[in-house]
Amino acid sequence: MEKVEVSKVVKEVQTPFYLYSRSQITDNFFKFSQAVSSLDNLICYSIKANGNLSVIKAIAELGGGADVVSLGEYKRAMKAGIDSSKIVFSGVGKQDFEISESLKCGLLQFNVESISELEMINKISSNLGKIAPIAFRVNPDIDAGTHEGISTGKADNKFGIPLNDALKIYQYANSLNNIEIVGIDVHIGSQISDLRSFEKTFSHLSKLLERLKKEKIVIKHIDVGGGLGIKYSDTDSVPDIIEYGRIIERALGDLGCKIIFEPGRYIVGNAGLLVTKVIYKKSGEKKDFVILDCAMNDFFRPALYGANHRIIPLKKKFGKILVDIVGPVCETTDTFLKDHKFDDIAEGDFCAFMDVGAYGAVLSSEYNSRPLIPEVMVSRSEFHVVRKRPSFEDMIERESMPEW
Ligand SMILES: Cc1ncc(COP(=O)(O)O)c(C=O)c1O
């Protein structure tokens, strides 16, 4: 990775661990910003994809903003140096303490998802003597053609306000004293490979904007969300980023608005490896297994979405074995690849999961009382542990045993 041999990191950091490339993150950010450079734009990196402070800091240094969905993510963005004027606060269930603290410290806009949330924001901003900048996230009822678990723009998904009710809801928001309407927002899903669903969505947005204009409701920001897919395997087709930029330019480019983007996976997905060790190999009656030292609690995407990630040995191997690659957790879903023609790896050998920079470490847990694994970042010929592994004591000491 960059100028660092992964096998050198393995000598200093105990596996399993995540390993990120700072320059890959930078390259991805540049590629994205190049593709949308003809637009007045702001790239608000979606922190949910990878919330490590060093990752966010790399993006802050490139002038990026942040898309956050909790006060925790808001605090991460601020700590990593993102300017509060570049933070959009998304999410379907913002709570009063999240709204008030982010209003006090500042933000670009709340992406509001219901009338109840709007009224809560109005009440809190009135109590604080503030005016809250808001956009509504609209649900365009569009099937993004992605995995059901990461599709967010269909009418039966919990997200956004129905497109057909939008005008009415904007008019209501316009009547509230402590609300300033600044924008419109949409996010139809993640790992999207077909640009046509974006095209349809943006055409709905531009029509809604026309109707709002007639009602003298001024929209300054169009937040088009994230969702661009990346290549996980040779057979994945991925959207062309330049074409994505052109589609937005055609649909929304001459409306006089700032276009906000919320990419997550595109910025960090291919910038991360998960480095792991083979603990055992075993032969079952019907199958052979390779048991790794990482498990579903460390990397949840395969168990959660059936995601397949390439796994490659750190040292070239000759010969192949047909195996299931699994983790040590006591669940059958703790399986990373099934009936896989794997390199003939030996016990004690190291290997790496590819493309785990997005929705990797952030989805991990301590299931089976396995402490969270470290995150390491590489920059040119250096590497640093950017989140250390807690000790077993650290993990256990958070709990107490009251004398009842
Ligand atoms: C509101 C919102 N914006 C942005 C993203 C980032 O999506 P992606 O990582 O696919 O770019 C998500 C992820 O689901 C999201 O929910």
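Counting starts at 1 for both ligands and their atoms, following the listed order. What you see is a predicted model; the values in this text were computed from it and never measured.
Heavy-atom distances between Gly225 and ligand 1 stay at or above 4.0 Å for every pair. Under the 4.0 angstrom criterion for non-hydrogen atoms, Pro263 is in contact with ligand 1. Phe159 does not count as a contact of ligand 1, since none of its heavy atoms falls under 4.0 Å from the ligand.
Near Gly264, with a cut-off below 4.0 Å to any heavy atom, the atoms of ligand 1 are 8 (P), 9 (O), 11 (O). Atoms of ligand 1 found under 4.0 Å from any heavy atom of Gly226 (numbered from 1 in listed order, with element): 4 (C), 11 (O). Taking a cut-off of under 4.0 Å to the non-hydrogen atoms of Tyr359, the atoms of ligand 1 that pass are 6 (C), 7 (O), 8 (P), 9 (O), 13 (C). Which parts of ligand 1 touch Glu262 is read off a 4.0 Å heavy-atom cut-off, strictly below it: atoms 1 (C), 2 (C), 3 (N), 4 (C), 5 (C), 6 (C), 11 (O).
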Practice task
Carefully, step by step, assess Asn139 and Asn157 under the rule side-chain hydrogen bond (donor to acceptor under 3.5 Å, both in side chains).
Solution key: CA-CA 8 Å; Asn139 182 323; Asn157 297 141; 5.4 Å; no

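Here's the thing with Arg265: one of its N/O atoms is less than 3.5 angstrom from an N/O atom of ligand 1. Taking only nitrogen or oxygen atoms, main chain and side chain alike, Gly189 does not reach within less than 3.5 Å of ligand 1. On a distance-only criterion, Asp67 and ligand 1 share at least one N/O pair closer than 3.5 Å. Residue contacts with ligand 1: Arg137 is placed with no nitrogen or oxygen under 3.5 Å of a nitrogen or oxygen of the ligand (distance criterion only). At least one N or O atom of Gly227 sits closer than 3.5 Å to an N or O atom of ligand 1.
Here the heavy atom of the protein found nearest to atom 16 (O) of ligand 1 is Lys48 NZ, 3.3 Å. Closest to atom 10 (O) of ligand 1, if we only count protein heavy atoms, is Ser190 OG, 2.4 Å. Atom 14 (O) of ligand 1 has His187 NE2, 3.3 Å as its closest protein atom, hydrogens excluded (heavy atom only).
Looking only at atom types and distance, the side chain of Glu262 has no donor-acceptor partner in the side chain of His187 under 3.5 Å away. A donor-acceptor contact closer than 3.5 angstrom links the side chains of Glu375 and Tyr20. No side-chain donor-acceptor contact under 3.5 Å links Asn297 and Asn368. With no hydrogens or angles considered, no side-chain donor-acceptor pair links Asp324 and Thr335 at under 3.5 Å. Defined by atom type and a distance below 3.5 Å, a donor-acceptor pair is missing between the side-chain atoms of Glu113 and Asn111. Remark: the Thr235 side chain and the Ser233 side chain contain an N/O donor-acceptor pair separated by less than 3.5 Å.
To the nearest 0.5 Å, the span separating CZ on Arg265 from CD on Gln191 amounts to 4.5 Å.
In this structure, Phe202 and Phe198 have parallel ring planes: the angle between them is below the 30° cut-off, well short of the 60° mark. Between Phe261 and Phe32, the ring planes are perpendicular. Angles over 60° get that label, and only those under 30° would be called parallel.
When heavy-atom distances to ligand 1 are checked against a 4.0 Å cut-off, Tyr266 has no atom that comes that close, whether in backbone or side chain.
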